[in-house]
Amino acid sequence: MTAASNGRVALVTGSSRGIGRAIALGLADAGFDLVLNDLARQSEALAEVKSAIEMRGRQAVVVYADVSRKAEVTAMVADAIAAVGHIDAVVNNAGILISNAVDDLEEEQWDSVLDVNAKGTFLVVQALLPHMRARRYGRIVNIASIGGKHGAQMQAHYSASKAAVMGFTRVLAQEVGADGITANCLCPGIIVTDMGRTNLSDAANVAKWEGITALRRLGQPEDVAGPAVFLASDASAFVTGQSLNVCGGIVLS
Ligand code: NAP
């Protein structure tokens with residue numbers, strides 16, 4: 001099924017698979033054209049996502065960058081704007097999870113998780129802000145996690161990175177609101193992706209997570225797409241600085 005254009009373009013980082021891929025396809029279904037980012041090693045998977053978007057009648061361009069590296073992010077945003085003309089919305093989805101206990105956590109593990117999840121979000125936002133401010137329009141959607149509110153053992157550094165994303169977003173919303181830009185977080189719960197399976201190592205773990213979820217099921221990547229489309233679109237014009245749980249009712253506040 002093809003989707004009529006809504007005239008908007010969205011950049012989604014880490015969109016070769018999992019939640020990022022589902023959000024990119026959801027945005028295409030809602031009429032967005034897409035700028036698809038991931039690491040260059042994901043070129044094959046990203047080509048599949050680009051083709052799935054084009055099958056929907058929408059356009060997609062691919063821009064490779066490691067979001068934790070400022071020079072690559074600056075080049076990515078410049079290349080994307082040159083290719084598509086403007087960017088209305090960004091979904092900062094690229095993220096990594098490395099499980100380890102605080103006692104054993106290596107400095108490099110702390111740094112890499114904070115670099116991709118927190119600094120990567122900041123770098124992409126900072127590179128896009130002049131463009132969004134000049135157009136007096138922007139929708140910034142940062143993928144945090146219920147782990148940033150609650151957290152699970154072995155994931156203290158991941159939890160810290162996602163709490164950082166939420167704190168960053170709350171202040172960002174205040175700094176950019178006067179220019180017509182909103183900034184919000186989504187906080188997924190347990191979503192069945194390569195990363196999500198880290199928490200689903202055996203049947204007992206699956207049962208545990210299903211049992212504490214009000215909807216009594218695990219999340220699928222597509223469950224995150226609808227809320228992302230809402231926060232990336234005009235429908236959320238008066239929503240900013242918020243962190244919305246998309247977790248089937250694990251966290252109820
Ligand atoms: P995923 O399946 O592991 O996909 C993440 C994607 O991001 C991969 O394509 C990955 O590429 C890419 N990526 C990693 N580092 C990058 C970098 N430095 N620059 C650009 N792209 C990079 O993860 P997911 O489950 O879809 O998670 C997506 C987001 O949701 C993450 O921010 C995650 O923290 C968050 N989240 C997930 C869950 C869950 O249960 N799945 C729950 C809460 C929050 P490589 O594989 O090549 O590294």
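Each ligand, and each atom within it, is numbered from 1 in the order the structure gives.
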Counting only pairs under 3.5 Å, give me each side-chain donor-acceptor contact of residues 115-124, with atom names and distances, residues two or more places apart or in other chains.
{"from": "Asn117", "atom 1": "OD1", "to": "Ile96", "atom 2": "N", "distance (Å)": "2.9"}
{"from": "Asn117", "atom 1": "ND2", "to": "Ile96", "atom 2": "O", "distance (Å)": "3.1"}
{"from": "Asn117", "atom 1": "ND2", "to": "Ser161", "atom 2": "OG", "distance (Å)": "3.1"}
{"from": "Thr121", "atom 1": "OG1", "to": "Asn117", "atom 2": "O", "distance (Å)": "2.8"}

Within the protein, residues bringing a heavy atom under 4.0 Å of ligand 1, chain by chain: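 Within 4.0 Å of ligand 1, protein side: Gly14, Ser16, Arg17, Gly18, Ile19, Asn37, Asp38, Leu39, Arg41, Gln42, Ala65, Asp66, Val67, Asn93, Ala94, Gly95, Ile96, Val116, Ile143, Ala144, Ser145, Tyr158, Lys162, Pro188, Gly189, Ile190, Ile191, Thr193, Asp194, Met195, Gly196.
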If you link ILVMFWY side chains whenever their heavy atoms are less than 4.5 Å apart, which other residues fall into the same cluster as Ile250? By chain and number, please.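 Taking Ile, Leu, Val, Met, Phe, Trp and Tyr as members, Ile250 shares its hydrophobic cluster with Ile146, Ile190, Val192, Leu200, Val206, Trp209, Ile212, Leu218, Val251.
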Residues Asp194, Arg17: salt bridge by 4.0 Å N-O rule: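 Yes, charged N to carboxylate O under 4.0 Å.
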Write out all pairs satisfying salt bridge (Lys or Arg N to Asp or Glu O under 4.0 Å) with one or both partners inside residues 147-163, taking only residues at least two apart or from two chains.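 For residues 147-163: none.
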Please indicate whether His150 has more than 12 foreign heavy atoms, meaning atoms of other residues, nucleotides or ligands, lying under 6.0 Å from its NE2.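 No - once you tally the heavy atoms of other residues, nucleotides and ligands closer than 6.0 Å, there are 12 at most.
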Validate the cation-pi geometry between Arg139 and Phe230: distance from NZ or CZ to the six-membered ring centre under 6.0 Å, angle to the ring axis within 45°.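 Judged by the rule, Arg139 and Phe230 form no cation-pi pair.
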